[in-house]
There are 2 protein chains.
Amino acid sequence: MIRRIPQARDRGIPDATVARLPLYLRALNGLAERGTPTVSSEDLALAAGVNSAKLRKDLSHLGSYGTRGVGYDVQYLIYQISRELGLTQDWAVAIVGVGNLGRALANYGGFVSRGFRIAGLLDADPRVVGDRIAGLVVEHTDELEAVIKKRGVSIVVIATPATAAQQVCDRVIASGVTSILNFAPVVLAVPDGVDVRKVDLSIELQILAFHEQRKANGGPIMAEEWPDGVVM
Amino acid sequence: MIRRIPQARDRGIPDATVARLPLYLRALNGLAERGTPTVSSEDLALAAGVNSAKLRKDLSHLGSYGTRGVGYDVQYLIYQISRELGLTQDWAVAIVGVGNLGRALANYGGFVSRGFRIAGLLDADPRVVGDRIAGLVVEHTDELEAVIKKRGVSIVVIATPATAAQQVCDRVIASGVTSILNFAPVVLAVPDGVDVRKVDLSIELQILAFHEQRKANGGPIMAEEWPDGVVM
DNA sequence: GTGCCTTTGTGAACCCACGCACAAAGTCGG
DNA sequence: CCGACTTTGTGCGTGGGTTCACAAAGGCAC
């Protein structure tokens, strides 16, 4: 049995930590723009909207990059987090589905500035094929496999209608892609080894509605006194 | 000290459960469209992409709505979850910032079909004001407070550039809004009692990049054998 | 060099969530 | 009415994540 001695350069970063690293990165970039040389965990945590102990524990998973009594070197930490997230390399991304959302994504500056290069825009609708969006010409989805192989696409964004998503998904996986960002409101079935992350714009709104309703129905006090006989 | 006796109609739904209810709802709507009258936790879990035990536990927080030996009545469960999430009422939503993303959101069918009514589109750019989008005329952000009050807006979606987000946020809170969905890549500072949910499109992509890099660097086996001396 | 001050990195306790596994409860055929 | 079968609802063990609190570590003034 291999005993795992915890040490600084250990690789086994918790998912929860990975999910927050982009947040820290964003906050750090803001500080860097203003020329701040170093930052304490307290201040960075404030800027990122998290607890400072959590921030320190998160950063400790990448290594011991702080200086006690001083804080973290902003530039150095940006580099380390970027490297950990793999943002120091250039990722070729294809967007399938150029509706309103696909267009918004293609024009979204947050991708390009973080090492993501839009390498292809594809759509099944012939009326859209040929359009220039964000400097790219939209290609037909018939070209999907060719585009992926030719341009070394390793991440695919699915922004198609729900009905087309699974089919597109199957095809990109068959082409060797193992990272998919899905905006279509369906659960994609994928084999082991393929990562799918999903964003459903309406889910967040529904969660807000839940809390909003809760606030309206008698304030923050738990509504235990609810009439129990309401059965429909 | 009040001892909390766990019971069916208890109101204290875990956040993790609330976050999944929209998922179940989506799966149920799919089943309803195909005319399925009842569904077992096993099948529904499969359709929603979760573990069946988790599904049952989640649903048990709303009440005991299943029938042992049979499953759940699809229509009835849709009603119950909708009610719990507050989707049986109509929510007036305003979208601030009508760039690519704001446009995509305004046209997104997933909102309207779940009881969210777009009651206002606002932008600071005079060139956009007056445009018709999704049947609405874009108004100037000067009208923000008026629109919120006049049309009973209770949820605001911020889709502005990062620099404008906090200011918009402050103004909508001053107008009495306590639920905000933020797409701008900044951490909004809000007083207690205000709910902010954020969606950062680039964060998901960065998480994917992390895992993708991990796969490339020596497969699924933990890359412990990494050279330890790389310090920049 | 010494002592004080600041801030990191982490041990440890706590809390929530997940999932197994099973008893309870209901259906259905005969 | 009964017994076999199906499926729910949940008690409980486990594991991961969050937070507190503090010792260790470095900077800085003198």
Side-chain angles (χ1 to χ4, degrees), chain A residues 3-21 23-24 27-28 31 36-74 76-77 80-81 84 207 222, chain B residues 3-21 23-24 27-28 31 36-74 76-77 80-81 84 207 222:
Chain A
R3 198 71 188 75
R4 207 161 163 63
I5 299 106
Q7 61 181 38
R9 281 317 214 77
D10 192 357
R11 304 271 150 171
I13 304 178
D15 288 345
T17 295
V18 174
R20 280 188 296 265
L21 290 179
L23 229 60
Y24 304 152
L28 284 164
L31 292 167
T36 317
T38 63
V39 66
S40 69
S41 64
E42 198 70 45
D43 291 349
L44 182 53
L46 191 70
V50 301
N51 177 298
S52 72
K54 180 150 58 178
L55 170 71
R56 287 198 299 276
K57 185 152 283 186
D58 282 344
L59 293 183
S60 76
H61 285 118
L62 325 185
S64 200
Y65 295 142
T67 308
R68 293 170 193 236
V70 177
Y72 300 89
D73 183 283
V74 172
Y76 186 55
L77 197 52
Q80 289 299 345
I81 293 180
E84 196 64 50
I207 296 172
M222 202 68 41
Chain B
R3 198 72 189 75
R4 206 161 164 62
I5 298 109
Q7 63 180 39
R9 280 318 212 74
D10 192 0
R11 304 272 150 168
I13 304 178
D15 288 346
T17 295
V18 174
R20 278 187 297 267
L21 290 181
L23 229 59
Y24 304 151
L28 285 165
L31 291 167
T36 316
T38 62
V39 66
S40 69
S41 63
E42 198 70 46
D43 292 349
L44 182 53
L46 191 70
V50 302
N51 177 298
S52 73
K54 180 152 59 180
L55 170 71
R56 287 198 298 277
K57 187 156 287 188
D58 282 345
L59 294 183
S60 77
H61 285 119
L62 324 185
S64 201
Y65 296 142
T67 307
R68 293 167 193 237
V70 177
Y72 300 89
D73 182 281
V74 172
Y76 185 54
L77 197 52
Q80 289 299 344
I81 294 179
E84 196 64 51
I207 296 172
M222 202 68 38

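Just so it is clear, the model here is predicted, and its values are computed rather than measured. Every chain is numbered from 1, with letters handed out A, B, ... down the list of sequences.
Between A:G69 and A:K57, the residue anchored nearer the 5' end of DNA chain D, judged by the nucleotide with its closest heavy atom, is A:K57. Each of A:P14 and A:R56 lies near DNA chain D, and the nucleotide nearest A:P14 is the one positioned closer to the 5' end. In this structure, B:R20 and A:R68 both approach DNA chain C, and ranking their closest nucleotides by distance from the 5' end singles out A:R68.
When rounded to the nearest whole Å, the span between NZ of A:K54 and C1' of D:dC20 equals 14 Å. The distance from atom CG of A:L55 to atom P of D:dC20 is 14 Å, rounded to the nearest whole Å. We find that CG of B:L62 is positioned 13 Å from C1' of D:dG9, with the value rounded to whole Å. In this structure, the CG atom of B:L59 is 9 Å from the P atom of D:dT8, given to the nearest Å. In this structure, A:Y24 places its OH atom 15 Å from C1' of C:dT8, rounding to the nearest Å. The CG-C1' distance, from A:L77 to C:dT7, rounds to 15 Å in whole Å. If you take CG of A:D15 and P of D:dG17, they are 7 Å apart, rounded to a whole angstrom. When the C1' atom of C:dT27 is taken as reference, atom CG of B:D73 falls 15 Å away, rounded to whole Å.
Using a 4.0 Å cut-off, some side-chain N or O of A:N51 falls inside it from OP1 or OP2 of D:dC20. Under 4.0 angstrom from either OP1 or OP2 of C:dG26 there lies no side-chain N or O belonging to B:T67. For the OP1/OP2 pair of C:dT7 and a distance below 4.0 Å, the side-chain nitrogens and oxygens of A:S40 include no atom meeting the criterion. Taking only side-chain nitrogens and oxygens, B:Y72 never comes nearer than 4.0 Å to OP1 or OP2 of D:dT6. Residue A:S41 has no polar side-chain atom (N or O) positioned under 4.0 Å from OP1 or OP2 of C:dT7.
The shortest distance between side-chain heavy atoms of A:I207 and B:D15 does not fall below 4.5 Å.
Within the nucleic acid shown, B:A53 comes within 4.0 Å of at least one base atom, counting heavy atoms only.
B:L44 pairs in a side-chain contact (heavy atoms from CB on, under 4.5 Å) with only one of the listed residues (B:V50, B:L77, B:V74), which is B:L77.
Using modelled atom types, no side-chain atom of B:S52 and backbone atom of B:A45 make a donor-acceptor pair closer than 3.5 Å. For A:T38 (side chain) and A:G71 (main-chain N/O), no donor-acceptor pair under 3.5 Å exists by modelled atom type.
Considering every non-hydrogen atom in both A:Y72 and A:R56, the closest pair reads OH-CG, 3.9 Å.
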